[in-house]
Amino acid sequence: MSAPLAGPSLPVLGGKVLLTALREDDVDRIVEACSTDDAERFLDTPWPYRRADAESFVREFAPAGWRGEHDERTWAIRESLRGPIAGVVGLRGERAEVGYWLHPDAQGRGLMADALRTLVGHAEGCLTWPEVHWRCFDGNVASMRVAKAAGFSYLGAHETEPTVGRGGAGARRLEHHAVRVAGGMPAGARPWPPLD
């Protein structure tokens with residue numbers, strides 16, 4: 001096991017997972033997770049995703065957030081303190097927004113819902129955020145199930161602004177939104193769409 005880089009000094013304990021700092025030995029699994037078809041469709045990551053992207057994420061981007069050089073704090077999701085990375089969850093301060101992904105071999109076991117509940121509780125308890133926002137592109141039913149299981153209230157869907165990138169110049173995409181409010185139900189909440 002390699003030493004952790006700049007990040008949380010103590011793990012945040014969930015029911016099934018621990019949230020820890022990223023480590024150098026996480027790079028290979030990050031490349032695997034961010035090189036899938038679902039990653040291409042649903043994540044805001046470089047494509048094709050290369051080892052250099054993962055190395056930059058682990059060595060530069062994540063530690064810089066913990067040093068206060070930008071507003072995103074990133075945790076590794078693990079099933080044990082010395083275990084391999086199962087995924088990543090992060091909080092973006094400016095938008096009070098959460099983002100996450102899981103390695104394919106960690107999916108389907110409730111790890112992400114536990115990680116998200118744990119992190120949102122941490123944000124409410126330690127960071128005193130009154131609410132945490134979530135969003136995903138249409139079709140990402142797995143992410144929607146996680147947000148619902150973690151207690152987020154669905155707010156609806158709308159088209160994104162035109163973008164230039166994988167979707168082509170001027171492409172719009174439908175994006176779903178939800179929020180978790182400390183101590184209550186937000187105004188404008190509506191039923192989650194079918195997630196079968």
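Side chains are part of it too, since the values below use all heavy atoms of this structure and drop only hydrogens, waters and symmetry mates. Everything numeric here is computed off the predicted structure, so don't read it as measured data.
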Scanning both residues in full, the closest heavy-atom pair of Ser35 with Trp47 reads O-CH2, 3.4 Å
Q. Tell me, do Tyr154 and Val179 make a side-chain contact under 4.5 Å, heavy atoms counted?
A. no
Exercise. Are any of the side-chain heavy atoms of Val12 and Trp75 separated by less than 4.5 Å?
Worked result: yes
When every non-hydrogen atom of Thr118 is compared with those of Gly14, the smallest separation belongs to OG1-CA, 3.2 Å
Looking only at heavy atoms, the pair that brings Thr36 and Pro104 closest together is CG2-CG, 3.8 Å
#### Entry: Basic-acidic side-chain contact under 4.0 Å: Arg41, Asp38
yes
Per side chain to side chain contact (heavy atoms under 4.5 Å, CB included), Phe152 is matched among Arg180, His133, Glu131 by Arg180
Report yes if some heavy atom in the side chain of Trp192 is under 4.5 Å from a heavy atom in the side chain of Ser153; otherwise report no. no
Would you say Asp138 and His176 make side-chain contact, with heavy atoms under 4.5 Å? yes
Residues passing the ring pair (Phe, Tyr, Trp, His ring centres under 6.0 Å) test with His70, sequence neighbours excluded, are Phe61
- Query: Quick check: does any side chain N or O of Ser56 sit under 3.5 Å from a backbone N or O of Ala52, one acting as donor and the other as acceptor?
  - Reply: no
* Do the non-hydrogen side-chain atoms of Val88 and Leu22 ever get within less than 4.5 Å of each other? -> yes
Taking every heavy atom of Ala113 against every heavy atom of Ala149, the minimum-distance pair comes out as CB-CB, 4.0 Å
| message | So Cys34 and Trp101, do their side chains get closer than 4.5 Å, heavy atoms only? | response | yes
Residues at least two apart in sequence or cross-chain that pass ring pair (Phe, Tyr, Trp, His ring centres under 6.0 Å) with Tyr49, listed by chain then number, are none
Between Leu155 and Arg190 the two heavy atoms that sit nearest each other are O-NE, 3.4 Å
Checklist line | Under 3.5 Å donor-acceptor, Trp66 side chain and Thr74 backbone | finding: yes
So the salt bridge (Lys or Arg N to Asp or Glu O under 4.0 Å) pairs with at least one residue in residues 102-117 (sequence neighbours excluded) are Arg29-Asp105, Glu79-Arg109
query = When you measure from the side chain of Gln107 to the backbone N and O of Leu102, does any donor-acceptor pair fall under 3.5 Å?
reply = yes
Kindly say whether Ala115 contributes a backbone atom to a donor-acceptor pair with the side chain of Tyr100 at under 3.5 angstrom?
no
Practice problem: Let me see the working for Phe137 and Asp44 under side-chain contact (heavy atoms from CB on, under 4.5 Å), right down to the final yes or no. | Solution: CA-CA 10 Å; Phe137 290 124; Asp44 291 327; 3.9 Å; yes
- Electrostatic pair Glu24:Arg59 at N-O distance under 4.0 angstrom: yes
Across all chains, not counting sequence neighbours, the side-chain contact (heavy atoms from CB on, under 4.5 Å) partners of Arg78 are Thr20, Arg23, Asp26, Ala76, Ile85
Residues at least two apart in sequence or cross-chain that pass ring pair (Phe, Tyr, Trp, His ring centres under 6.0 Å) with His177, listed by chain then number, are His158
Connected to Leu18, directly or through other members, by ILVMFWY side-chain contacts below 4.5 Å are Leu13
Closest non-hydrogen contact found for Val181 with Pro186 is CG2-CB, 3.6 Å
I'd like to know if the side chain of Arg173 and the backbone of Glu159 have a donor-acceptor N/O pair within less than 3.5 Å. no
